[in-house]
Amino acid sequence: MSDLWSQLFSFANYGELLVLVRNSILAGAVLGLAGGLVGVFVMARDLPFAVHAISELSFAGAAAGLLFGIGVVEGSLVGSLTAALLIGILGSRARERNSIIAVLMPFGLGLGILCLSLYSGRVANKFGLLTGQIVAVDNPKLVSLLIICGIVIAGLLVVWRPLMFVSIDAQVAEARGVRSVALSMVFMILLGLVTAVSVQIVGALLVLSVLVTPAAAALRVSASPLLVPVLSTLFAVVAMVGGIMLALGGSVPISPYVTTISFLIYLACRAWGALQNRKPRSARVAAAA
Amino acid sequence: MTAATSDRPQTCGIAPAPPILSIRDASLRFGSRTLWSQLNLTVRSGEFVAVLGPNGAGKTSLLRAILGTQPLTAGSIELLGAPVRRGHRLVGYVPQQRLADRGTPLRARDFVGLGLDGHRFGPPLPSRTRRQTIDQMLDTIDATSFGTRRIGELSGGEQQRLRVGQALIGNPKLLLCDEPLISLDLHQQRAVSTLIDASRRTGDRAVVMITHDINPVLDVVDTVVYLAAGQALTGTVDQVLTSAVLSELYQTPVDVIRARGRILVVGLPDTALEGHEAPPENPPDGLR
């Protein structure tokens, strides 16, 4: 039992380890910022499953990048942008979108597994693409991740209002002169970019815990246009940074820590939301009686 | 609401204001099928126009043409003296009702706010004037009490008032509404139509509303556009909704009966009847 515990949590030489993963923590925090913001629109546009499909193709791209020595970041960017644009172009209607996603997902996963089984390098690299890795962030990689997240955050802030308008009511937004198709494409590109970054850190299988869970949790407690993005980014950053710091001492990958924190935050928000909802309703009943 | 309250600018003694909307010899054809042709309509400030006609007659297409998203086969549409273009800031649009998903992550007041600055780039920065403008609109549409609730939790009538508020908050010269009363109960129908009627009186504004039933707006409507059988008739209710005119239009005997301040049209051909009394797609208020 204590063996298992020390495998999961160990804080020996913590200070020295912390220095080693400084890059990861920084990358995690910035990813949390970008992921939390993107998540708000993933929820508003009802795209959680699209995120999963994009991450699977991103994984395929990263694995191909590893195999052919092109670079993991480059490969995963190509993979996720391709998937994001395909879903954006072919899946403008919800029903079509679901089937496109279902078609892309196994294809991406299969392609990725093929590339990984042909790859003869370090085994940790392979596993890391699926479940995330902690010390994988070297300086050049950190710079590329920061730049990509920066583009995503800046891009989202620019299109924030018209994108929300289109996400809520495309017909009225178009009548107002908002270019809904162009905006959807812009969003898919931003989503593809942030997914590629997430795959590097939390792994392809668990991207949803950064891009969806925090926003879903935030929406449980509020619908305010200010509070939701603030809470969503806060939750995502806490999950990312907290996950990395907990994973530091243990010998398991980073992703279980991130996903667990993310999930616990969601549970807490659900409970809080249910509590909030109950109050006014009982007040209403009392007033009616 | 009584007939006496509906002012008709075209019958006033003063010189008429420049038209807000002017449609000349407009036709719309899809393939070999003519939806309507020779449509002529001039809408001035303060006017209330109802667009009537059976399903598939091209009522929504007419609104799209005015919005600039549906090109005409022939003729022209001018808005405030200039040809229509997509995304005119001075046109408010209330599309055919779809209830918002329960989970729609937006509060009522933010939904209305989209009509104010939803088309602008840049992040939404909090501002006092913006908040006050939205507060005022919520007050106008009697939505202050549920301003901070999520739109998905609201009833059909409440959502529809918000849609009208969203369209009006940009202070449009022309308000286009597509079946805004459908699937609302009588009380909510009255609330929404009163709201739309009031909006053209207070502002320098005209209303074009599609409706399958003239009766809820009978007392306020100035001009009727009747689309059917590939044609387009325009005129007052008394000019268009008569047995003679509709019989001629449909090429079959049609009776228009006026009883207790309501108009009933009897004898429409089956093809035209389709959808005239479409069952409500959404549960009416109170059944949510």
Side-chain angles (χ1 to χ4, degrees), chain A residues 37 39-48 94 153-183 186 212 215-232 273 276-277 280-281 284 287, chain B residues 60 63-64 66-70 84-98 100-101 103-126 130 145-153 159 162-163 166-167 169-170 172 174 176 178:
Chain A
L37 288 180
V40 173
F41 287 100
V42 170
M43 292 302 291
R45 300 177 70 76
D46 197 15
L47 287 174
I153 294 171
L156 264 188
L157 289 181
V158 169
V159 299
W160 192 280
R161 280 185 289 185
L163 184 60
M164 187 53 89
F165 203 172
V166 164
S167 307
I168 297 297
D169 198 333
Q171 246 185 321
V172 178
E174 273 173 31
R176 273 250 148 196
V178 177
R179 311 290 293 263
S180 70
V181 177
L183 274 173
V186 167
V212 174
L219 282 170
R220 281 279 147 192
V221 293
S222 173
S224 145
L226 185 67
L227 204 54
V228 168
V230 166
L231 284 179
S232 176
Q276 292 299 102
N277 273 348
R281 203 167 292 158
R284 248 180 271 145
Chain B
T60 299
L63 282 205
R64 290 215 186 98
I66 299 172
L67 284 168
T69 54
Q70 168 68 56
V84 285
R85 59 183 163 80
R86 227 178 120 143
H88 205 296
R89 297 273 179 273
L90 294 174
V91 179
Y93 178 41
V94 180
Q96 213 167 72
Q97 196 185 10
R98 249 172 333 113
D101 285 339
T104 305
L106 209 65
R107 303 177 305 182
R109 57 176 302 119
D110 308 317
F111 181 77
V112 171
L114 283 176
L116 193 61
D117 55 9
H119 56 279
R120 297 226 179 101
F121 284 106
L125 298 174
R130 182 177 191 276
S145 60
F146 52 87
T148 54
R149 294 199 29 216
R150 295 176 195 224
I151 50 168
E153 297 170 355
Q159 288 190 22
L162 292 174
R163 282 175 200 281
Q166 190 193 54
I169 200 168
L174 179 63
L176 302 176
D178 195 343

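The model shown is predicted, which means the values in this text are computed figures rather than measured ones. Protein chains get the first letters and strands the later ones, always in sequence-line order, with residue 1 at the start of each.
The choice from B:Leu176, B:Thr104, B:Leu106 that makes the most heavy-atom pairs within less than 4.5 Å of chain A is B:Leu106. The residue among B:Leu67, B:Asp117, B:Thr148 with the most heavy atom pairs within less than 4.5 Å of chain A is B:Asp117. When the candidates A:Met164, A:Met43, A:Glu174, A:Arg179 are compared by the number of heavy-atom contacts under 4.5 Å with chain B, A:Glu174 comes out ahead. Of the listed residues B:Gly115, B:Pro95, B:Pro124, B:Pro105, the one with more heavy-atom pairs under 4.5 angstrom with chain A than any other is B:Pro124.
You'll find the side chain of B:Leu114 reaches within 4.5 Å of the side chain of A:Ile168, heavy atoms only.
Of the two parts of A:Ala44, the backbone and the side chain both hold a non-hydrogen atom closer than 4.5 Å to a non-hydrogen atom of chain B. Neither the backbone nor the side chain of B:Arg109 comes within less than 4.5 Å of any heavy atom in chain A. Only the side chain of B:Arg150 has a heavy atom closer than 4.5 Å to any heavy atom of chain A. Heavy atoms of B:His119 lying under 4.5 Å from chain A belong to its backbone as well as its side chain. Contact annotation for A:Ser167: neither backbone nor side-chain heavy atoms come within less than 4.5 Å of a heavy atom of chain B. For a residue to count as touching a neighbouring chain, one of its non-hydrogen atoms must lie under 4.5 Å from one of that chain's; by this rule A:Arg220 touches chain B with the backbone only.
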Test side chain to side chain contact (heavy atoms under 4.5 Å, CB included) on B:His88 and A:Arg176; report intermediate values, then the result. CA-CA 6 Å; B:His88 205 296; A:Arg176 273 250 148 196; over 6 Å; no
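Within the model, atoms CZ of A:Arg161 and CG of B:Leu116 stand 9.0 Å from one another, a figure rounded to the nearest 0.5 Å.
In terms of heavy atoms, B:Pro123 sits closest to A:Trp160 at CA-CB, 4.2 Å. Taking both residues in full, the closest heavy atoms of A:Val178 and B:Arg86 are given as O-NH2, 4.5 Å, listed atom of the first, atom of the second, then distance.
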